[in-house]
Amino acid sequence: MTDMTDTASATGRNAASRLARISLDRIIELQDPSGAYLASPTFSAYKGYAWFRDGAFTADAVSSAGGVESANRFFDWCARAILDRAAQIEEIIAAAEAGKPLPDADMLPARFRLDGSTGDDDWWDFQLDGYGTWLWAVAAHAQRHELDAGRWAGAIELTIRYLLSSWRRPCFDWWEESTEQVHVSTLGCVAAGLRRAADSAGLDADIAEHARGAASEIRALILEEGIANGGLAKWLGSSDTDASLLALIAPLGLIEATSPIGLSTIARISSELAFEGGVHRYLLDSFYGGGQWPLLSCMLGLAFNAAGNSAGAFASLMWAAGTEGPSGSLPEQVPNHLLAPELRDQWIERWGPVANPLVWSHAMFLKLAIELNVISPTKTGEA
Ligand code: BGC
């Protein structure tokens, strides 16, 4: 543990505290009346859409900050999106049980329009992680604020049954890539969600039992086939790593930070993917030239903190604070250190400048700031 009472760190803490407050305000201001947390209000390719992945991590941060109503509204929005697709989910489950799984195109989408409808733009839509992450976030929220999770029980059960039927399938990962693989971060989000939701109030005992069983099976599969060089691997059988794996350590808590696997994962990502505090997604990333993502620096900070390295965690927070743009906005990535600089311009031509603000970046900054007691949870951020 490091004593952070010297002047330099006190100045840093004040700056981080200000940006954490701005982040909470920004997230709540940008929340759609429907309850959806849109990914980015201005970025051409994300405008008008909300993802379960970004939104679940955002709701978790807002809930941790005391924003009970805002998080409730997001989870209500998720529950509506799931319940509206009950017939589709039953078809997916029936087909899987009959040994004739539906094609990827008939699975649930990764992102939704703000009114909960499915968009008609082409997207890399079949992704399972967000469904696990929403389960984890809603159950953690209910427990944190002692709320009756019965409000979301129907949607929680349907989501659990969807995941039980389909978690073994390859799908696109967090970065909406490599659809032919079974991604360890996806499996981890699903296992964390099933495990946490199994203890949710109002859940059918049989479904809860199946959820617990699948969570253990998925965790065992990760330990058996999803490890490279002692740490978590990008996908089953891969020798590479990926910064999304940090989430399995914290905030999802599926892998103990101080376990050999937790420590090796943190060490490998720190040495391969972090440069002067800024974290890349993975070594071959070329999206906008493969820059550094503040939300991933914050995830590295959460993992450091969970492993007892609060000084490292604070340094990660301060690196992310350094990416602040005009009027306190945090971008998706910065181009200070690019892995594929020659490919940046083609993305700018295709989709315009990098997403800024990215709501998820604000969320992870807020989450780490709370974990480090840079700000305290309060009800003041309520809409
Ligand atoms: C990222 C996703 C993210 C989406 C919206 C994509 O570029 O790869 O992880 O969910 O943007 O923020």
Side-chain angles (χ1 to χ4, degrees), residues 23 26-27 30-32 36-61 74 78 81 108-114 118-119 121-134 137 171-179 181 183-186 188-190 234-235 242-248 252 273 279-282 284-299 320 323 329-335 339-340 343-344 346-348 350-365 367:
S23 291
R26 180 67 53 94
I27 293 167
L30 289 175
Q31 184 170 21
D32 189 69
Y37 293 121
L38 68 173
S40 172
T42 46
F43 184 61
S44 68
Y46 305 168
K47 218 165 151 179
Y49 282 96
W51 275 250
F52 265 32
R53 172 178 41 256
D54 302 38
F57 282 116
T58 301
D60 175 66
F74 173 73
C78 294
L108 299 181
R111 65 179 201 164
F112 301 81
R113 288 214 181 93
L114 305 181
T118 308
D121 308 285
D122 272 349
W123 202 257
W124 304 271
D125 248 323
F126 176 37
Q127 303 171 25
L128 291 168
D129 63 278
Y131 291 92
T133 312
W134 111 267
C171 66
F172 289 108
D173 66 359
W174 274 35
W175 315 130
E176 311 184 308
E177 294 173 345
S178 307
T179 186
Q181 303 296 344
H183 300 275
V184 173
S185 50
T186 300
C189 292
V190 171
K234 188 167 167 66
W235 56 68
D242 189 293
S244 60
L245 295 161
L246 291 164
L248 277 51
L252 299 175
L273 298 179
V279 177
H280 296 281
R281 300 194 298 179
Y282 59 98
L284 294 177
D285 190 13
S286 61
F287 183 52
Y288 280 85
Q292 295 159 296
W293 287 48
L295 78 90
L296 292 175
S297 294
C298 293
M299 287 209 181
T323 67
S329 74
L330 291 174
E332 183 177 67
Q333 60 169 286
V334 289
L339 297 172
L343 296 175
R344 180 171 151 83
Q346 73 182 42
W347 282 101
I348 297 179
R350 181 174 170 187
W351 281 353
V354 162
N356 191 357
L358 184 81
V359 168
W360 189 14
S361 298
H362 284 284
M364 296 321 300
F365 188 85
K367 179 78 179 179

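Every heavy atom of this structure was used, including side-chain atoms; hydrogens, water molecules and symmetry mates were not. Order of appearance sets the numbers: ligands from 1, and atoms from 1 within every ligand.
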Numbering the atoms of ligand 1 from 1, which are under 4.0 Å from a heavy atom of [X]?
| X | result |
| --- | --- |
| W175 | 8 (O), 9 (O) |
| W51 | 4 (C), 5 (C), 10 (O) |
| L358 | 12 (O) |
| E332 | 7 (O), 11 (O) |
| R281 | 8 (O) |

Less than 3.5 Å between some nitrogen or oxygen of W360 and one of ligand 1, yes or no?
-> no
Under 3.5 Å, side chain of [X] to main-chain N/O of [Y], donor-acceptor pair present?
| X | Y | value |
| --- | --- | --- |
| S40 | P357 | yes |
| T323 | L330 | no |
| H280 | G290 | yes |
| S23 | A363 | no |

Salt bridge check: are R53 and E176 linked by an N-O gap of less than 4.0 Å?
-> yes
Identify which of Y288, W174, W351 has a heavy atom lying nearest to atom 2 (C) of ligand 1.
-> W174
Closest approach of any protein heavy atom to atom 7 (O) of ligand 1, naming residue and atom = Y46 OH, 2.3 Å
Atom 3 (C) of ligand 1 has as its nearest protein heavy atom D54 OD1, 3.5 Å
Between the side chains of [X] and [Y], is a donor N or O closer than 3.5 angstrom to an acceptor N or O?
| X | Y | value |
| --- | --- | --- |
| D173 | S178 | no |
| E332 | Y288 | no |
| Y49 | D121 | yes |

Less than 4.0 Å is my threshold; does some heavy atom of [X] fall inside it relative to ligand 1?
| X | result |
| --- | --- |
| F287 | yes |
| E177 | no |
| R111 | no |

